[in-house]
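Note that the structure is predicted; figures quoted are calculated from it, not measured. Residue numbers start at 1 and run along the sequence shown. Excluded from the calculations below are hydrogen atoms, water molecules and symmetry mates; all remaining heavy atoms, backbone and side chain alike, are included.
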Amino acid sequence: VSVTMSDAAHWNRFARSQLTLDAATGDVVRWELYAASSLGQKVRGWVRFAHTGELGGVAGQTVAGVACVGGAFLVWTGLALALRRFAAWRAVRPREDARAA
């Protein structure tokens with residue numbers, strides 16, 4: 001059984017310590033304190049919450065939401081451009097076939 005808990009001893013509100021217990025006996029298998037974790041694990045925690053917009057509160061979530069809408073807009077414009085080019089290619093192709101005959 002693995003339990004992740006917030007570590008209130010640190011100013012980082014995303015500080016997490018992890019406790020792993022043996023499900024059969026209840027013995028502690030592993031106890032990973034946030035303070036003892038590597039720099040890479042700490043950076044990964046920061047980046048994860050920055051990526052989802054949780055790090056900056058309402059402003060961070062607003063930026064993440066705008067970026068999400070921008071990504072959806074890029075998908076829509078890409079598909080529209082591809083369909084327009086495909087339609088133009090299909091319209092030109094029969095004329096080329098008629099000239100060749």
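No chain of hydrophobic side-chain contacts below 4.5 Å, direct or via other Ile, Leu, Val, Met, Phe, Trp or Tyr residues, connects L81 to W89.
Pairs passing the salt bridge (charged side-chain N to carboxylate O under 4.0 Å, His left out) check and including a residue from residues 51-74, sequence neighbours excluded, read R48-E54. Each salt bridge (charged side-chain N to carboxylate O under 4.0 Å, His left out) pair with one or both residues in residues 30-39, not counting sequence neighbours, appears once here: R30-E32. For residues 80-89, no residue pair satisfies the salt bridge (charged side-chain N to carboxylate O under 4.0 Å, His left out) rule, not counting sequence neighbours.
In this view, S2 and Q18 satisfy the side-chain hydrogen bond (donor to acceptor under 3.5 Å, both in side chains) rule, not counting sequence neighbours. By the side-chain contact (heavy atoms from CB on, under 4.5 Å) test, L33 is found to be paired with S17, W31, A36, residues two or more places apart in sequence or in another chain being considered. Residues satisfying the side-chain contact (heavy atoms from CB on, under 4.5 Å) criterion with S38, sequence neighbours excluded, are Q41.
In plain terms, the two heavy atoms of R16 and S6 that are nearest each other are NH1-OG, 3.4 Å.
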Identify every side-chain donor-acceptor pair in residues 56-79 under 3.5 Å, counting partners at least two apart or on other chains, and give the distances.
residue, atom, partner, partner atom, Å
T62, OG1, V58, O, 2.8
T77, OG1, F73, O, 3.1
T77, OG1, L74, O, 3.0

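Using a 4.5 Å cut-off between side-chain heavy atoms of Ile, Leu, Val, Met, Phe, Trp and Tyr, V29 forms no hydrophobic cluster with any other residue.
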Apply side-chain contact (heavy atoms from CB on, under 4.5 Å) to the pair V28 and L19, showing each step before the final yes or no. CA-CA 7 Å; V28 174; L19 174 64; 3.9 Å; yes
